[in-house]
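Since the model is a prediction, treat every value here as computed from it, not as a measurement. The figures that follow rest on heavy atoms only: side chains count, while hydrogens, waters and symmetry mates do not. Counting from 1, the numbers follow the sequence of the chain as shown.
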Amino acid sequence: MGSTVLSLRIDGELLDRLRQHAAKRGMSVQDYVVRTLIRDDFDERFKAAVDETEKFYGAEGAPGVRTGEVT
């Protein structure tokens, strides 16, 4: 997989906040932003998968699985 350059124009206050967040994690601003985008993308894909599963099985869970019971 190759890489591509993405150029952003952001205000100074936001850049300062990004620098602070990145520094707390010992990361560069670039790495912090990329990891944040990857995490958000994963969260969206995971939620979509959960939604599709609930549509397929229904909100109560998979067939044959009883919810709310103690075994």
Side-chain angles (χ1 to χ4, degrees):
M1 175 190 313
S3 64
T4 303
V5 174
L6 172 65
S7 177
L8 298 172
R9 184 182 306 246
I10 59 175
D11 82 359
E13 186 178 317
L14 176 57
L15 181 57
D16 289 341
R17 289 189 0 235
L18 288 171
R19 283 184 179 134
Q20 291 171 3
H21 288 291
K24 287 179 187 176
R25 291 160 180 81
M27 303 169 72
S28 69
V29 172
Q30 177 180 341
D31 289 342
Y32 176 77
V33 170
V34 168
R35 287 185 91 180
T36 301
L37 292 171
I38 290 169
R39 184 180 63 235
D40 286 348
D41 180 55
F42 171 80
D43 291 346
E44 288 179 25
R45 288 182 290 131
F46 182 76
K47 181 175 178 348
V50 169
D51 291 346
E52 286 298 313
T53 300
E54 286 180 350
K55 283 183 200 173
F56 184 76
Y57 290 114
E60 295 299 316
V65 176
R66 298 180 189 194
T67 58
E69 288 188 8
V70 178
T71 56

Who passes side chain to side chain contact (heavy atoms under 4.5 Å, CB included) against Asp51, sequence neighbours left out? Lys47, Glu54
Partner set under side chain to side chain donor-acceptor pair (under 3.5 Å) for Arg45, not counting sequence neighbours: Asp41
Hey, can you pull the donor-acceptor pairs under 3.5 Å for the side chains in residues 8-17, sequence neighbours left out?
| from | atom 1 | to | atom 2 | distance (Å) |
| --- | --- | --- | --- | --- |
| Asp11 | OD1 | Glu13 | N | 3.3 |
| Asp11 | OD1 | Leu14 | N | 2.8 |

Under a single-linkage rule joining Ile, Leu, Val, Met, Phe, Trp and Tyr whose side-chain heavy atoms are separated by less than 4.5 Å, which residues share a cluster with Val50? Phe42, Phe46
Would you tabulate the side-chain donor-acceptor contacts of residues 30-40 under 3.5 Å, counting partners in other chains and residues two or more places apart, or write 'none'?
| from | atom 1 | to | atom 2 | distance (Å) |
| --- | --- | --- | --- | --- |
| Asp31 | OD2 | Ser28 | OG | 3.3 |
| Thr36 | OG1 | Tyr32 | O | 2.8 |

Side chain to side chain donor-acceptor pair (under 3.5 Å) against Glu44, all qualifying residues, sequence neighbours excluded: none
